[in-house]
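Here is the structure we will look at, set down as C-alpha cells.
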Amino acid sequence: MKAKMKIQNLIKKLALIVGAAAAISSAPASTDYGPAVWRPGYPGHWYTTGVGKQMYVEHDMEGYYLSTISYLQGGGTSVSVHYCVNGKSDNGSDAAPGEVSQMVLDTYYAWHAVCLNTHSMSTEHEGFASNPAWYTAAMYDASAALTKSKAEKYGFAKDRNHIVGHGEWQNTAWDNWVIANLGFDPRCNSHTDPGPYWDWTGYMARINQLSQPKRDFSGDSLDDYPLFRPSTGMWYVRFGEDQSIHSFSFGQAGDIPLVAKQSSNDNGPDAVVFRPSTGTWYVRFSEDGSVHTFQHGQNGDIPLMADFSGDGKDDYAIFTPSTGQWSVRFGDATIHNFSLGQSGDIPLVAKQSSNDNGPDAVVFRPSTGTWYVRFSEDGS
C-alpha cells in the first residue's frame, strides 16, 4: 500500500511539472522585466496598494521551480510572489537554470512575508535551504540582475538593509534599523529562508558590480563594447567603426569579468575574469590569446583593476566587504594592503589626488549616501 501511494504521489508531482513546463514554454514575456516570462499568479492574490517599494526580499521555495509556479497559480493558497528563479534543470522537461518568471506585476504587492508585504518586492528561488547544491551560479546571476534592476528602478539602496532574506527578522540589528528608519516592526514571521547556505557576499557583489567600461579592442582609438555571458563563458565585442561582432571563449558561470591593460605590446586591452569560488584571476593576453593565472583573494571579494603602481599596466585589486580591507597585487607580485570601507560599501577607483601617485581608492556607502576617498599621495 505504501509503495502504491508513493507511486501515485510521484505521478501527481510529475504531472504538475510537465503541465507547468508546457505552460511556460508558450508564456509571453514580462512587461516589467524583459528577461522574465509572464506566468500570472492566482487572480487577486496581492495588494493593489502599499507603502512603497522600500526593500527586496529573497526566498527559497523549499521545492521545485515549475511545480511551485503551478502551485501559486492555484486558488487554494493565500500566498504569492513577484518573481521566481530556477536553480537547476532537474529533468528533460524542466526550464533552463536561471530562468525567471514573473507572477505578480511590479505595481502590486505580493503576499510573501506578512508585515513586509506592503513595503517590498520578492523573489522565490528553486531549492531547499538545507542543501547548497540548489543555489547555482546561473540562479545567483539571474536573481542578482533582477534585484539590481528593481533597486535602480524604485530607488532603494543596494545594501543589506534593503536587500534581505525572508529570515532577516533573526538579525536584531536589522530589526532595529527597520523600526528606526521605516517605521514598522519586521518581526512578524517564523521563516528562516533562504538559509545558511545562501551566499550573501557573492550575491551582493553581483548586484553592486560596476558596469564594464568600454575599451578600444579594435585599435581605432575609440572604445568598443565588450559583453560577457556568464552562462557560457563567451565574450562578444562589438566594434564601433563597423559594428562587427568578435567573439571568444574565456571564463565560466560565476566569474566576474574585467578589462585591463596587461600585454607587453599595444594590441588592445586584455580580457580578465576573477573566479570568486577559488580566488583565481585569469588574464587573456590580446597579443596572442595566451592565458595567465594566479590566486589573489577569496570568495566574496570584489575585484577592481587600475594602475596603482604607475608602470603603465593595470594592477589587481580586491575589496573585502566584510572587513573593508583592500589588497592590491602589483605586476611584480608584491602585495599592498590598506583599509577603507565596511560591509555594504561599493568600491571604486578614481583620480582625485593633486599629484601623479596613482589612482585613489573610493567607497560609496549606500546606507548614508556618503563617499569616502583615500588619496594615494598620502593615504588621507
Side-chain angles (χ1 to χ4, degrees), residues 144-145 147-149 151-152 155-163 177 200-216 223 225-226 228 255-262 269-276 279 281 283 296-331 334-380:
T147 299
K148 177 181 179 180
S149 74
E152 293 172 349
F156 56 84
K158 290 176 281 189
D159 63 21
R160 288 289 284 113
N161 283 328
H162 298 83
I163 299 172
W177 182 89
W200 280 110
T201 300
Y203 189 68
M204 296 306 296
R206 285 171 165 86
I207 289 173
N208 285 303
Q209 182 183 337
L210 299 178
S211 299
Q212 193 60 249
K214 296 179 292 182
R215 290 295 183 98
D216 180 19
D223 285 336
Y225 304 86
F228 174 69
D255 289 351
I256 299 175
L258 303 98
V259 177
K261 177 59 180 174
Q262 281 295 311
D270 306 300
V272 180
V273 295
F274 173 67
R275 189 160 296 162
W281 293 72
V283 184
H296 178 54
Q298 60 187 12
N299 198 8
D301 289 343
I302 300 174
L304 306 98
M305 297 201 70
D307 182 15
F308 286 87
S309 58
D311 65 353
K313 297 181 181 180
D314 288 332
D315 302 302
Y316 308 87
I318 57 170
F319 172 71
T320 304
S322 60
T323 62
Q325 185 78 5
W326 292 65
S327 182
V328 182
R329 185 184 190 274
F330 292 164
T334 59
I335 306 294
H336 177 57
N337 299 318
F338 58 88
S339 294
L340 177 70
Q342 63 183 34
S343 182
D345 289 352
I346 300 173
L348 305 96
V349 180
K351 178 59 179 175
Q352 285 294 312
S353 302
S354 57
N355 63 8
D356 197 24
N357 283 18
D360 306 302
V362 180
V363 296
F364 172 67
R365 188 158 299 161
S367 59
T368 62
T370 306
W371 293 75
Y372 299 84
V373 181
R374 181 186 184 274
F375 292 138
S376 58
E377 59 196 51
D378 58 8
S380 62

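Take Ser327 and apply the side chain to side chain donor-acceptor pair (under 3.5 Å) test, not counting sequence neighbours, and it matches Asn337. A search for ring pair (Phe, Tyr, Trp, His ring centres under 6.0 Å) contacts involving Tyr372 returns nothing, not counting sequence neighbours. With sequence neighbours excluded, the residues forming a side-chain contact (heavy atoms from CB on, under 4.5 Å) with Thr323 are Thr320, Gln325, listed by chain and number. Residues passing the salt bridge (charged side-chain N to carboxylate O under 4.0 Å, His left out) test with Asp301, sequence neighbours excluded: none. Looking at residues two or more places apart in sequence or on another chain, you find a salt bridge (charged side-chain N to carboxylate O under 4.0 Å, His left out) between Arg160 and Glu168. In this structure, Phe156 has no ring pair (Phe, Tyr, Trp, His ring centres under 6.0 Å) partners at least two apart in sequence or on a different chain. For Asp159, the side chain to side chain donor-acceptor pair (under 3.5 Å) criterion is met by His162, not counting sequence neighbours. Qualifying side chain to side chain donor-acceptor pair (under 3.5 Å) partners for Glu152, counting only residues two or more places apart in sequence or in other chains: Lys158. Taking the side-chain contact (heavy atoms from CB on, under 4.5 Å) definition, one finds that Ala317 meets it with Leu304, Phe308, Val328, sequence neighbours left out. Residues that satisfy the side-chain contact (heavy atoms from CB on, under 4.5 Å) test with Pro321, not counting sequence neighbours, are Ile302, Phe319.
Looking at heavy atoms from C-beta onward, His296 lies in side-chain contact with Ile335 at the 4.5 angstrom threshold.
Heavy-atom minimum distance, Gly341 versus Val363: CA-CG2, 4.1 Å. For the residue pair Ser343 and Ser322, the shortest heavy atom distance occurs at CB-CA, 4.5 Å. Closest of all the heavy-atom pairs between Gly300 and Pro276 is N-CB, 4.5 Å. Asp315 and Arg329 make their closest contact through CB-O, 3.5 Å (heavy atoms, listed as atom of the first residue, atom of the second, distance). Here the closest heavy-atom approach between residue Gly297 and residue Ile318 is recorded as CA-CD1, 3.2 Å. Closest of all the heavy-atom pairs between Ala361 and Leu340 is O-CD2, 3.5 Å.
Remark: Gln342 CD to Arg365 CZ distance equals 3.5 Å, nearest 0.5 Å.
Between Tyr203 and Trp200, the ring planes are perpendicular. Angles over 60° get that label, and only those under 30° would be called parallel. Below 30°, between 30° and 60°, or above 60°: for Phe274 and Trp281 the angle between ring planes is between 30° and 60°, a tilted geometry.
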